[in-house]
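Throughout, protein chains are lettered first and strands after them, A, B, ... in sequence-line order, and every chain is numbered starting at 1.
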Protein chains: 2
Amino acid sequence: MTRSPTPTILEVAREAGVSKTSVSRYLGGERDRLSPSMQTRIATAITSLGYRPNWMARGLKGGQSRLLGMLVADIRNPFSTAVLHGAEQACRAHGLSLLVCNTDNDAVLERRHLEMLAAYRVEGMIINAAGDPGPALRRFADPRTPVVLLDRQVSDLDADIVGLDNALAIDQAFAHLHAQGYRRLLYVSEPVTEASSRQARLARVEACLARHPEWRGETLGVALEAPGDALATKLRRFVDSRDPAPGAILCANGQVTLAVAQWLREAGVTLGPVGLMGIDELDWCALVGPGITTLAQPTATLGASAVDCLVTRFSPEGRQRPPRRLDYAGTLIPRGSTRRDSAAAPTTDFRSLSCPSLRTF
Amino acid sequence: MTRSPTPTILEVAREAGVSKTSVSRYLGGERDRLSPSMQTRIATAITSLGYRPNWMARGLKGGQSRLLGMLVADIRNPFSTAVLHGAEQACRAHGLSLLVCNTDNDAVLERRHLEMLAAYRVEGMIINAAGDPGPALRRFADPRTPVVLLDRQVSDLDADIVGLDNALAIDQAFAHLHAQGYRRLLYVSEPVTEASSRQARLARVEACLARHPEWRGETLGVALEAPGDALATKLRRFVDSRDPAPGAILCANGQVTLAVAQWLREAGVTLGPVGLMGIDELDWCALVGPGITTLAQPTATLGASAVDCLVTRFSPEGRQRPPRRLDYAGTLIPRGSTRRDSAAAPTTDFRSLSCPSLRTF
DNA sequence: TTGTACGCGTTATCAC
DNA sequence: GTGATAACGCGTACAA
């Protein structure tokens, strides 16, 4: 017998002495419609031949690639991988697989990857946009392919959007800093033009400051790839200010927290007296100085929710529904970097603290 | 005209008034063999219909999925994503795409994902093994599909293996600690039975200790998911030892470094007098205490090299070659955590220091 | 230079 | 229950 390296169902059928159709039925989970004897014959043929299904061919017929595309702006960002992890688990539950693409925050790469995902006929796309994927999506993707935006919104795109409740997050952060007695704020973000979530956070910060005249606040947008002197200058001025009101630095995301913590360390600034807090919880935040207070995003939930959005739209009814916006609340994790009285033990576990009714703050 | 949502080359051909073949040639990069007038007609037909190629169908014929599978043991490990990033860039250069699967260090998931990758007819697999992928590979994958192992070796598998030069890495670390005046060592690893690289590192540590009788050393293998008291007990005993010889803790990977740094911080141990060093460079290592000395793995190189191994084996000659083992040297990044004289300025930049001829140490 | 015809591995639609 | 047969979208000998 000439065992071909990759046998097809046809060869299995011949080996078992049955028809292609029966083998297909056996494989497709309709085994109860086959006679027991045939089932065993097919089963033995499959194992003896070492048959392996070809999902490409399956996708050709029914348009069922069982593939979801995920476009990630920065794969090395722990936030991205955490969401990816959640999405992957959800996919598994639905029998789907993830085709992951990293755009490195490059609009050109994003476009190419979008084209690639469309070419593989993914059944849905999770997009953490780097640029504006709208045009590429309209150009390459089947209009019926459901799309869900992650963290970053895009103008005039018929897509669900899943992300952190940015307004609530800023409120939580502000309420915490306020309760700790800080009255001066430096809000540091990456350039807000590149992502809607950054805009939303900045806008809320400004709203908070406007609503609380007793606070003095300033904001800074800085490109971390090429920070120049902007960050250092601003931080130096903020830290050296003769204003007696206690000041805190709020970082818009994990990358910013890293950069700011780095500078503060080099400048020899003690955390706590100078407050530091960041959005995004990271492995090391508990390790630096007295621990850095963070607002953890519900990353696994975001990933799972994104997949659910897509799966929902697989059904005809789901397809009709208007785009949804799903904002999930973050969790504040207080640590020493926002405690002004350095007397308290640094190892206290604050994680169980809750922050009720922050909306009314 | 009834614009079908996903036009085929046949429809394009009809629209342009030419044959399927010509369109296929146009798409396949053989445009110079077509008359200019035909080229323009095809081009306009493609854009007006919004034609998008179906790579599933293309793959069906020639077995060209243009897909590489990558199996990652832990996607949330920064080491994994860094390698992934390197691999992705290399794929791009070869016109390949990566189908990424995370196994969460679960052998069952690994098996399922392997089956999935085989079903999609990936042209090669990069495997960062969680369990032993050998049996699943033999069962599901085409024997001709090239496989490259990442970081972790697997018994009796005809695959290239790419990873850190573990022996050299340990030598580098040991030489550094020796030069800094430490003479007691605690080597902390995750369970060595789960990964060959862990075994290699441990073995080298023991070899180093055996070769240097003036050192006193001990080793610990601990499962970080369920550390119990083992880690805390051992660390406490090491730190509290009445032995006057200066001691250093060497961590086998980034996860261990994190866990150990966490404990040391909670115990209020000052880094430097008690040395700390870890394999794997992480974002935050410069931030903790006086900075943590690390041995950075050449992650991007590992990823790119893995892809190159696969691409090489795409050719008939490459397929014949015996399995290769590619060990890449890491880079030592000295920081304050291995400086015993705490007088030196903590902000000194050590990154440009080189460590020549470590092999001869 | 261009077109015809077939095969890739699978599922769906019939008919028996 | 079971089996022919026709798609699915594309590449490619082969013929013209």
Please list every donor-acceptor pair under 3.5 Å in which a side-chain atom of residues 25-34 of chain B meets a protein atom from a residue at least two apart or in another chain.
from: E30(B); atom 1: OE1; to: R33(B); atom 2: NH1; distance (Å): 3.0
from: R31(B); atom 1: NE; to: Y26(B); atom 2: O; distance (Å): 3.1

Side-chain atoms of residues 56-67 of chain B: list all donor-acceptor pairs with protein atoms under 3.5 Å, sequence neighbours left out, distances to 0.1 Å.
from: S65(B); atom 1: OG; to: L67(B); atom 2: N; distance (Å): 3.2
from: S65(B); atom 1: OG; to: R121(B); atom 2: O; distance (Å): 2.7
from: R66(B); atom 1: NH2; to: H94(B); atom 2: O; distance (Å): 2.9

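Scanning for salt bridge (Lys or Arg N to Asp or Glu O under 4.0 Å) contacts around E88(A) gives R92(A), with sequence neighbours left out.
The backbone N or O of F79(A) sits less than 3.5 Å from a side-chain atom of N77(A), completing a donor-acceptor pair. Judged purely by atom type and a 3.5 angstrom limit, R313(B) uses its side chain to pair as donor or acceptor with the backbone of R321(B). Not one N or O on the side chain of T145(A) forms a donor-acceptor pair closer than 3.5 Å with the backbone of E123(A). A donor-acceptor pair under 3.5 Å links the side-chain atoms of E110(B) to the main chain of G131(B), judged by distance alone. Side-chain atoms of S80(A) never come within 3.5 Å of backbone atoms of R76(A) as a donor-acceptor pair (strictly under, hydrogens ignored).
For the residue pair D142(A) and T6(B), no side-chain donor N or O sits within less than 3.5 Å of a side-chain acceptor on the partner.
M70(A) is listed as a side-chain neighbour of L150(A), based on a closest heavy-atom distance under 4.5 Å.
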- Message: How would you summarise protein contacts on nucleotides 9-14 of chain D per nucleotide, using B for base, S for sugar-phosphate only and - for none, with heavy-atom distances below 4.0 Å?
- Response: BBBBBB
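Looking at residues 33-43 of chain B, you'll see R33(B), L34(B), S35(B), M38(B) sit with a heavy atom under 4.0 Å from some atom of DNA chain C.
Contacts between chain A and DNA chain C, taken as any atom within less than 4.0 angstrom of a protein heavy atom, begin and end at dG9(C) to dC14(C).
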